[in-house]
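Below is one structure, written out as structure tokens, with a few remarks after it.
By convention in this document, chain letters (A, B, ...) are assigned in the order of the sequence lines, proteins followed by strands, and residues within each chain are numbered from 1.
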There are 2 protein chains.
Amino acid sequence: MSDEIYLNQVPPQSEAELLQRCQIIAGQTLGQLAAQLNIVVPADLRRHKGWVGSLLEKILGADAGNHAEPDFTGLGIELKTLPLAANGSPKESTYVCTVSLTETGELRWQDCWLRRKLAKVLWLPVEADNTIPLAERYVGEGFLWQPDPEQVALLKQDWEELMDALVLSGQAGLSARQGQVLQIRPKAANSRVLAQAIADDGSFIQQNPRGFYLRSEFTAQILQANKACRLAD
Amino acid sequence: MSDEIYLNQVPPQSEAELLQRCQIIAGQTLGQLAAQLNIVVPADLRRHKGWVGSLLEKILGADAGNHAEPDFTGLGIELKTLPLAANGSPKESTYVCTVSLTETGELRWQDCWLRRKLAKVLWLPVEADNTIPLAERYVGEGFLWQPDPEQVALLKQDWEELMDALVLSGQAGLSARQGQVLQIRPKAANSRVLAQAIADDGSFIQQNPRGFYLRSEFTAQILQANKACRLAD
DNA sequence: ACGGATCCAATGGTGGATCCCG
DNA sequence: CGGGATCCACCATTGGATCCGT
């Protein structure tokens, strides 16, 4: 009962309060959390792919809506769910943000959206083994993360390589195989969706929208580092 | 029955075909036309202000949807309903297009959206006396119009005056009283809606969206000229 | 009478991600 | 396995205009 005082969609006022809320929901199922907000749990995620992320935003009081801001506006913190396979490692890559197809050449790492998005992330592990019914999946312990210097270097290197490839060869020269920790993949309702882009010759063309994703190998390292850190306490 | 062959939402292939369709619907009521498309007629227009225009677009096979194109893409023709008061003259001003608040200074008459929108218009008179139930209002005879040199001069003069006023004084310096045949008025869901604009100093600010409207005195002249023209046949 | 305010439907884009076939 | 394809909710914008108080 008193738990729900913290779960009423009011933004947390501090990092401490946000982490406290994470402690409260850790060990609860998605079904229990959805019930607190009178939200119906879909049978599966096939037609509701972002459902878990949206639910946990509401539960934790994220307030940015669909704006180009961190989920927790006041704290500058981005929320990311981390879907865990049966073996406890990340099951999927993590979507970060869309790739601008109109300002590819003009942007530098220091100013880019991806860097700002990943500046401070609250990772929230959630069971994602499809043999477990959605409502019965447990939420793990959320933790704050900021990229360490080595991770920053990796991200910067990949970002610059990928953006260079975009400028030099356009979308044709891009494959999701490029990048050690980062990759570029389609991000749209379907492959018929087109966004405005700029061709080699400077003219406007239409291309499939793309997004930056963190490879699951990278998020697996983040997860492991956090566990090690907590054991050391 | 055979009439409905022409009313199946396929775009007309020529001006002649479009005008033929207008002949077919002239003298029918909005209720009759709506019934052909299985569309329910609202009680009144208070909460359905664009309903008549949308219905007639569907009936005539306009295909541009909500794009920045003429309603009849292939023919380069814009459809405008002309609401008639009990005395047969236009009851309202006619909305043309939105006023760009970000490129006010850069644009010339030759390139402006308003000029392109008004290059070729199919006017479709419709009874709009509120004492007549919506479903019982008659559609009149549609006619094609292109501004004659005098009308072009008037539109150009007003457009330039209004755009100059916008650049010089911003929205504060603008009144719907300016312009002989054209005026600028709010165009939004309500007065709390804001759009991006550029201030005097070049910075970005928020302003109420505005639209260009043809004064009803102007559309009355267009209507009269068409009647005179048809009597002369 | 008309200048300022308002209303709906449909679409496109963004943010949330997972699906699924070779 | 993982690269390419896809899915929903929500919000802002656009296109269709008419309402209504002074």
Side-chain angles (χ1 to χ4, degrees), chain A residues 42 44-58 62 64-69 71 78-83 85 91-98 117 126 128 130 174-178 183-196 208-211 213 215-217, chain B residues 42 44-58 62 64-69 71 78-83 85 91-98 117 126 128 130 174-178 183-196 208-211 213 215-217:
Chain A
D44 58 58
L45 295 179
R46 268 179 300 186
R47 298 190 161 273
H48 301 273
K49 298 186 177 178
W51 185 82
V52 176
S54 300
L55 171 67
L56 292 172
E57 282 186 348
K58 291 184 192 109
N66 277 25
H67 298 93
E69 295 175 24
D71 295 315
E78 175 78 15
L79 174 64
K80 286 289 171 200
T81 56
L82 200 47
K91 185 184 157 194
E92 294 279 355
S93 57
T94 299
Y95 168 71
V96 182
C97 60
T98 58
K117 276 270 195 176
V126 180
N130 277 341
L174 253 190
S175 157
R177 293 172 182 82
Q178 288 178 263
Q183 62 179 172
I184 288 183
R185 298 220 309 284
K187 173 67 172 81
N190 59 65
S191 58
R192 269 100 50 201
V193 173
L194 295 175
Q196 189 158 79
N208 300 123
R210 309 278 180 141
Y213 294 79
R215 291 183 184 278
S216 43
E217 193 176 318
Chain B
D44 57 58
L45 295 178
R46 268 179 301 187
R47 297 190 162 274
H48 300 273
K49 297 187 179 180
W51 185 83
V52 176
S54 300
L55 171 68
L56 293 173
E57 281 186 349
K58 291 184 191 109
N66 279 24
H67 298 93
E69 295 176 24
D71 295 314
E78 175 77 15
L79 174 64
K80 285 291 171 198
T81 57
L82 199 47
K91 185 183 156 194
E92 294 279 355
S93 58
T94 299
Y95 168 71
V96 182
C97 60
T98 58
K117 276 270 195 176
V126 180
N130 277 342
L174 254 191
S175 156
R177 293 173 182 81
Q178 289 178 263
Q183 64 180 170
I184 288 181
R185 298 220 309 283
K187 174 66 173 78
N190 60 65
S191 59
R192 270 107 37 207
V193 173
L194 295 175
Q196 190 159 78
N208 299 123
R210 309 279 179 141
Y213 295 79
R215 292 182 183 278
S216 44
E217 193 176 317

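- Distance CG (B:N190) to C1' (D:dC11): 15 Å, rounded to an integer number of Å.
- For the pair A:E57 CD and C:dT14 C1', the interatomic distance rounds to 12 Å; values are reported in whole Å.
- The heavy-atom pair separating A:H48 from A:P42 by the smallest distance is CD2-CB, 3.6 Å.
- Put simply, B:S216 has no side-chain N or O that comes within less than 4.0 Å of OP1 or OP2 on C:dC2.
- Considering only the side chain of B:K187, D:dG15 comes nearest among D:dG15, D:dG4, C:dG16.
- The CD-C1' distance, from A:E78 to C:dA17, rounds to 12 Å in whole Å.
- Residues satisfying the salt bridge (charged side-chain N to carboxylate O under 4.0 Å, His left out) test with A:E78, not counting sequence neighbours, are A:K80, A:K117.
- The listed nucleotides are C:dC7, C:dG16, D:dC7; the one nearest the side chain of A:A189 is D:dC7.
- Regarding B:K117, its NZ atom lies at a distance of 7 Å from the C1' atom of D:dG15, rounded to whole Å.
- Between D:dA9 and A:R47, no contact under 4.0 Å exists linking OP1 or OP2 to a side-chain N or O.
- Rounded to an integer number of Å, the gap from B:R192 CZ to D:dC11 P is 17 Å.
- Distance alone, capped at 3.5 Å, places no donor-acceptor pair between the A:N208 side chain and the A:R192 backbone.
- We find that CD of B:Q183 is positioned 9 Å from P of C:dG4, with the value rounded to whole Å.
- Between B:R215 atom CZ and C:dC2 atom C1' the separation is 9 Å, expressed in whole Å.
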Protein-nucleotides 18-22 of chain D N/O pairs under 3.5 Å:
from, atom 1, to, atom 2, distance (Å)
D:dT18, O2, B:K49, NZ, 3.1
D:dT18, O4, B:R185, NH2, 3.2
D:dC19, OP1, B:N130, ND2, 3.4
D:dC19, OP2, B:K91, NZ, 3.3
D:dC19, O4', B:K49, NZ, 3.4
D:dC19, N4, B:E92, OE1, 3.2

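- A search for side-chain contact (heavy atoms from CB on, under 4.5 Å) contacts involving B:A195 returns B:P209, not counting sequence neighbours.
- Residue contacts shown for A:R210 are absent, as no nucleic acid heavy atom lies under 4.0 Å away.
- The 5' end of DNA chain D is approached more closely, in terms of each residue's nearest nucleotide, by B:V193 than by the other of B:V193 and B:G53.
- The distance from atom CD of B:Q178 to atom P of C:dG3 is 11 Å, rounded to the nearest whole Å.
- Considering CG of B:L55 and OG1 of B:T81, their distance stands at 10.0 Å, rounded to 0.5 Å.
- The heavy-atom pair separating B:R215 from B:Q178 by the smallest distance is NH2-O, 3.2 Å.
- Of the possible polar contacts, none joining the A:Y213 side chain to the A:S216 backbone as a donor-acceptor pair under 3.5 Å is found.
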